[in-house]
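Every heavy atom of this structure was used, including side-chain atoms; hydrogens, water molecules and symmetry mates were not.
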Amino acid sequence: MKKTMSAVIARRDRRVAGPGRSSWILFAALAMVLALAPMVLNQFNIGLLAKFLCYSMVAIGLGLLWGRGGVLSLGQGVFFGLGGYIMAMHMQLADASANGGSGVPEFMSLYGNGHVPGWWLPFRSGVVTLIAIPVVPMLVAWALGAAVFKRRVKGAYFSILSQALVAAFALLLIGAQTSTGGSNGLSDFTGFFGYVLNDPVNQRSLYYLVLIVVLVMLLATGLLMYSRFGEVLLAVRDTEERVRFLGYDPASIKTAAFVYAALLASIGGALFVPVAGIISPSDIGVTPSIIFLLGVALGGRSTFLGPVLGSLIVSIAQNSLSSAFPSFWSYLEGALFIVVIALLPGGVATLVPSIRRWRRRVSGAPGARGGSRASQTDAVPEASAGELVSR
Amino acid sequence: GSQVSTASGGSASASVKSCVDTSGSKIKIGFINSLSGTMAISEKTVRDSLDMAADEINKSGGVLGKQLDVQAADGASDPNTFAQKADQLIRQNCVAAVFGGWTSASRKAMKPVFEKDNSLLYYPVQYEGMESSPNIYYTGAAPNQQIVPALDWMKSKGFKKLFLVGSDYVFPRTANKIIQAYAKANGMTVVDEQYVPLGGTDFTTIVNKLKDSGADAVFNTLNGDSNVAFFRQFASMGFNSTTMPTISVSIAEQEIPGVGLDNLKGQYTAWDYYQTLDTEQNKKFVSDFKARYGQDRVTSDPMEAAYVSLYLWKAAVEKANSFDVDKVKANSDGISFDAPEGKVTVDGENHHVYKTPRIGQVNSAGLIDTIWQTPSPLKPDPYLKDYDWAKGLS
Amino acid sequence: MLTVEGLVAGYGRTRVLHGISMSVPDAGIVAVLGHNGAGKTTLMKTIMGLLRAQQGSIRWNDEEISRLAPNERVKRGIAYVPQGQQSFGQLTALENMELVAGSDRSRAELIDEMMDRYPDLRRYSSRRAELLSGGQRQQLAIARALLTRPRLLILDEPGEGIQPSVVADIRRTMLDLAATGIQVLLVEQQIDFAVSHCTQYVVVASGRIVDRGEGGANSVGQVRQVLTI
Amino acid sequence: MTKIAAMEEGQDLAVRVKGLTVAFGAFHAIDDVDLEVGGNHLHFLIGPNGAGKTTLIDAITGLVPYTGTISVGGRALARMTVQDIARFGVGRTFQTATVFERQTVVQNLDIALRGGRHWASLLTLRREVPERIEEILEIIGLAGHADELAGVLSHGQKQWLEIGMVLAANARVILLDEPVAGMTLDEREATGELLRRICPDRVVMVVEHDMDFMRRFADAVTVMSRGQVLVEGSVEQIQANQQVQDTYLGVAEAV
Amino acid sequence: MDVVVGQLLAGLSVGSVLLLAAVGMSLTFGQMGIINMAHGEFIMIGAYTVYMVQQFVSVAALSYVIAIPCAFLLAAAVGVLLEQGVLQFMYRRPLDTLLVTFGVSLILQQAARDIFGAPAVAINIPEFLSGHVSLLGAAIPVSRILIIVLAMVLVLLVSWLLKATQVGRRMRAVTVNRELAEVSGIPTRRTDRLTFALGSGLAGIAGVAITLIGSTTPTLGSNYIVYAFLVVVAGGLSSIWGAVIAAVALGIVQSAIAFGTTQSIATWVSFLLVVLFLQWRPQGIFSLKTRSLA
Ligand SMILES: Nc1ncnc2c1ncn2[C@@H]1O[C@H](COP(=O)(O)OP(=O)(O)OP(=O)(O)O)[C@@H](O)[C@H]1O
Ligand SMILES: Nc1ncnc2c1ncn2[C@@H]1O[C@H](COP(=O)(O)OP(=O)(O)OP(=O)(O)O)[C@@H](O)[C@H]1O
Ligand SMILES: [Mg+2]
Ligand SMILES: [Mg+2]
């Protein structure tokens, strides 16, 4: 078959992996809006936005793990919690020993025997804390992932296991009241690595810290997603056993994605603590772990920016609607799950290409069937290549 | 930004400017209760009585001539949400004071917020004590107004061997620490101490243990739903109020039908208020409440404490002639109110209130009769400072 | 009599069939030939109702069936052996057969008959279908189709993956059936066999019928020619 | 991750199977089989349905546990995982083609190309279609479908893609399970030529039921039946064998 | 000795409650592959059915007799609604049903809260069920015995249905290969609906039984959901007997740990045990080997 040179180039062009130009524009716009937000928002809302961004970090990781890898983890709360509690322990110890204090957090003397348990002690050191926040959850995720995925526990089995784990984790935290604060969690922090948390300037800096972390995470995740790793991950999602015969270990691939998602969740949890001023078992239990997924699904689970946008939308909606109409919010939240997952499995992000397609069809432009970009087609996660009718 | 200096790190509060708007004919206050999630069961009733109090006050001319403009928030049974919404009420909605909270977790979460924003929280539920914040008024019972009197009463009845059962969270654990200390000093023994996870419904093992423990009474700090399962299992193993008296500190009137009157009849409770109290104020409170929300509704201790909290704040504001937080605080000491439970008085030192502890017994109508009470309101003592046996506790 | 007219169908937005018209007469075998990806399987799926006919009609004994659910079409006497040795993996071979056969006595006899025809099915009747070899599964699939007592049997490359002696057997079965008045619609790659034994053939290319004619050994050359172009 | 050095060019590749038994409970799908498949020619494995051909491939590629020994190029494969065997250079296709349906043909090939490479290479972006993939696309005749999702390919096209993936993975031992099932005559022809082209310097074993195809392309044939090797030899020898005719070819073929 | 017997019986009764919660799930999850997070809410519907029936029938024993079929029908009806409304479009992506049904569970819980109020409702328990009997020196409540019996009856019923009836075979076939089932003449839609309705209905019956031991609140079912899933998963999807073994083992282990330590630790440890167990047997107690790669 003969082709003109330009046709060959055009074809090659389409076969290059990576997010499209519109994604980058959207990314830049998002970064811009978030960077400028403090100009228009008051201090309270800046804090709120920072908190929502912390949640969205979990969502970014889930986008890769679930959207690309098909691993539906209902247990991200474990990692969010690990990061959060490690940070909180450090901050408690730092607060307790600031100003010549006893070095023992107040709740320990209230509920316990007034001694700091041995496993808290390393976290007196800020350096150890900063190392532990990524390392501990990654190790946990690695151990878990290696064990579980190697034994080919997958699909619903994995989801249910992860859910049980997060339930067990929350129970453990609640039960170990004297060393974890129990259901009260850890709260009442004054300083964050030497800075007064309560200071408006510091709060703004904290917001920018969170924002930068989110943007870096987005970039890293975007690259991972469109890298060969992303493609293999997709292959593992669709036909796990097949990739084995090509020399990959699907367990390692999935574990890598799981560890990565755990890392992001943990950092999210760690930053959540200074931002929200509290971490407690109810931030990491079964329900919050599932709610993390709602944003991801809403925005588009396998898209570049969908998880962040979706999770921000959900957080904002929850915040603004739940107070005014508590029961209405429950209905709406439930309905969102149903509508988004059932009718819009690709999330709102997939509406964009289909609207564009529709517009093109209406205007009768030629080549409306063209653009079979990989990134577009696989944005629809589960819709089978052959959509069969079923009545 | 400012760094933590060797001086006080936490005193930033003094510099916080309040945004409360006192210029108009209305003054904003905030209610924060869980209307969703697991705690909604209990906290909704508190919201109801708060709403009633606000309406009453508005009908009788408001506070300092200003109508109360209630800003409502849902804590969603989640400490972190409580903290966030409290912050929102104070800084965004600019309320003059906030009323609500139930679990210790929600209070602990809100405490730093009120301290940093220098605002006021009125917390209406009995709790484990060991706390007093300059920005919180605790209108429920301190441990010495509920747990300790219950123990005194049990001692007077000759119960010597106690079996402790509770939900696994802060209040029961701390309450049981107090009980252990009390028992040690008063010649009683605690034969076993058992916990179930919050919401747990499996009591087969615990009741088996109870059967073999030789206990002569149970001190019950179980929360909410778990009581149903506990008392069902309890009853089906042949226990009742005569064979195994049980004193509960978290079962109020509204929980009785759900737990099952058959299971509870004759059992004991410890609170400061019961719907059956025979005071003028209470009769009015109960009948107003029923008129407003329905004849089948009941009133309970936390509801009453919440209702009272709004009036205590009103009195303090009027005494201070200002909504300013610092002025209200300065004028709170000694403020008193003729509450449905009798006279309550604010202790300006520890921010709790003088209340009258009462032991009740569940009657066949599903209400609780007072069978014992202290002769006069008791001074609150959240840290149990005045009790020698409690020295090691805090 | 099955009549297909102006059939258009495809997957999602991709059209595969672009207006197919053909019919299967009341007796005999109609062979469908064509290259890989020509749309043969797609045509069969559309006739069975697994794919919706976007345009055109499918008439079966004077009834329009293009809107019926697949199981309704089976009820009306059409049976289908899909490509690729499909079976209900978790069920045993016997259960696979009972599933479609129902439970009355005559059906039990029918099952027995099938197991006579394919002895492996008797030998492995209690083995789960997914553990059977490919060829065994294909035999099972044909047995299942026959158990519904069809009047039209659609076979999508039935010999694929089957050992030659069994292929011969399947072919014999098919010719027998055709002889007893069951209509057969056969997708086949073995041109020699298909064309020489069918009553009519059609050649599909890119979703269109490019050639059709009477079957018989004489036509083989003609079809070969069409297919090599 | 243990590093498995892939086989090298020019190395002795022969697959040697000794005393192989694969049991599923009491049932022996393969029963004490000895077999040697050498390089540089097309080796056909035929036999009745259920003879154990697929199971043999499963055993070689590490999918089912077995007793006995299997070695490739002198290296025993027992105790190696599926992925290690694949990295070692043993590739296979499946009786029902399994490709990554929701990725494009190019992506499928690229994934195969990367298998077993250093993990860091996974972190790179695919900036263009690698030369090798362009080549393979031409070889397997799917150049025109490069950007299509593999799921929309027809049955036969998928089988070609699978062969392409094995080539991309640079497998030295290629085990094909019924590669031409469902292909037309000329497509079979093309596939046969393709296999001829790839077989130098490789071991290619083909399981097939298409006797015409076998006759045309086989250099050596092994016949299995009921889990055992019935006969081995050239096409002529096989066809002349009475046992093979009885259990496998049947009357139709004899005609 | 009687402590051991007592704890064994306790374990058995805990296990039977878990089993009861899981029976229906072994159909909807085990057979159909739908991960129904709203299963707990179907249990809740069953429990509230008792309450509703008692509004009209004051004799407690009679009310329970009436409530069982009513609960079955009501839960099954809601199940059909769910299946028809959403799930039927999702058989191709089973993992997603988990999230959709989570949404449904939020809605059902809130609806219960709006209809019946948040506090637990009062349920009258028949006189004869509130006692206990002595068995080998240990006491066991009559209600628990009833639950054990009920669980066993339902299990037998379901396993008979699946194995021995045409309907059961169809139920299994449809999940294995939907398209093939359709072209084999099986009315797949009807079969789906029936299976799901049955699974939901069984949850309703479980709800009726659970009113005997715990409180009837909107969140009643969510207490059991995590456990029920674990039971089905540990048992292996393909067999209801796996679920039986898993439930009883879990119950006994939990009671044993609870006796030595506390209920919280027992809950915690039993979660971990299941995770470890799946390490050893990833596909559950009764697993099927498969040759397919998918
Ligand atoms: N599930 C699907 N989704 C999208 N397109 C498909 C799907 N299945 C097949 N196609 C497309 O339809 C065309 C026809 O496929 P079909 O399976 O009908 O071919 P066939 O004639 O049966 O080929 P073969 O002889 O290989 O079985 C193919 O080219 C393929 O691109
Ligand atoms: N996991 C298993 N459990 C039980 N029996 C099995 C299992 N796998 C294969 N078998 C049996 O082993 C025998 C050999 O199967 P295999 O798939 O190897 O045959 P084959 O030679 O490839 O046949 P075909 O040509 O039909 O594909 C068959 O009888 C099959 O039923
Ligand atoms: Mg085909
Ligand atoms: Mg085979």
Heavy-atom distance under 4.5 Å to chain E: side chain of [X], backbone, both or neither?
{"X": "A:Leu74", "value": "side chain"}
{"X": "A:Ser330", "value": "both"}
{"X": "A:Leu165", "value": "side chain"}
{"X": "A:Leu172", "value": "both"}

Open item on the list: Please tell me whether A:Tyr85 and A:Phe80 form a close aromatic pair, meaning their ring centres lie under 6.0 Å apart.
Closed with: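 For A:Tyr85 and A:Phe80, the ring centres are not under 6.0 Å apart.
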
Open item on the list: Looking only at the aromatic ring of each residue, does the gap between the centers of E:Phe271 and E:Trp268 stay below 6.0 angstrom?
Closed with: no

Open item on the list: Please tell me whether E:Gln254 and E:Tyr227 have a donor and an acceptor in their side chains that are separated by less than 3.5 angstrom.
Closed with: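 A donor-acceptor contact under 3.5 Å links the two side chains.
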
TODO: Answer yes when A:Arg301 and E:Asp96 have at least one side-chain N-carboxylate O distance shorter than 4.0 Å, and no when they do not.
DONE: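 Counted as a salt bridge, because a side-chain N and a carboxylate O are separated by less than 4.0 Å.
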
Open item on the list: Out of E:Leu87, E:Ile107, E:Leu230, E:Ile35, return the one with the most heavy atom pairs under 4.5 angstrom to chain A.
Closed with: E:Ile107

Open item on the list: Once you measure the plane-to-plane angle for A:Phe337 and E:Phe102, does it fall in the parallel (<30°), tilted (30-60°) or perpendicular (>60°) bin?
Closed with: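 The arrangement is perpendicular - the two ring planes meet at more than 60°.
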
Open item on the list: Counting heavy-atom pairs closer than 4.5 Å to chain E, which one of A:Leu171, A:Ile290, A:Leu161 comes out on top?
Closed with: A:Ile290

TODO: Considering only heavy atoms and a distance below 4.5 Å, find which of A:Ala164, A:Ser159, A:Ala335 pairs most often with chain E.
DONE: A:Ala164

Open item on the list: Between A:Gln76 and A:Ser73, does the side-chain hydrogen bond (donor to acceptor under 3.5 Å, both in side chains) criterion hold? Intermediate values first, please.
Closed with: CA-CA 6 Å; A:Gln76 291 310 93; A:Ser73 168; 2.8 Å; yes

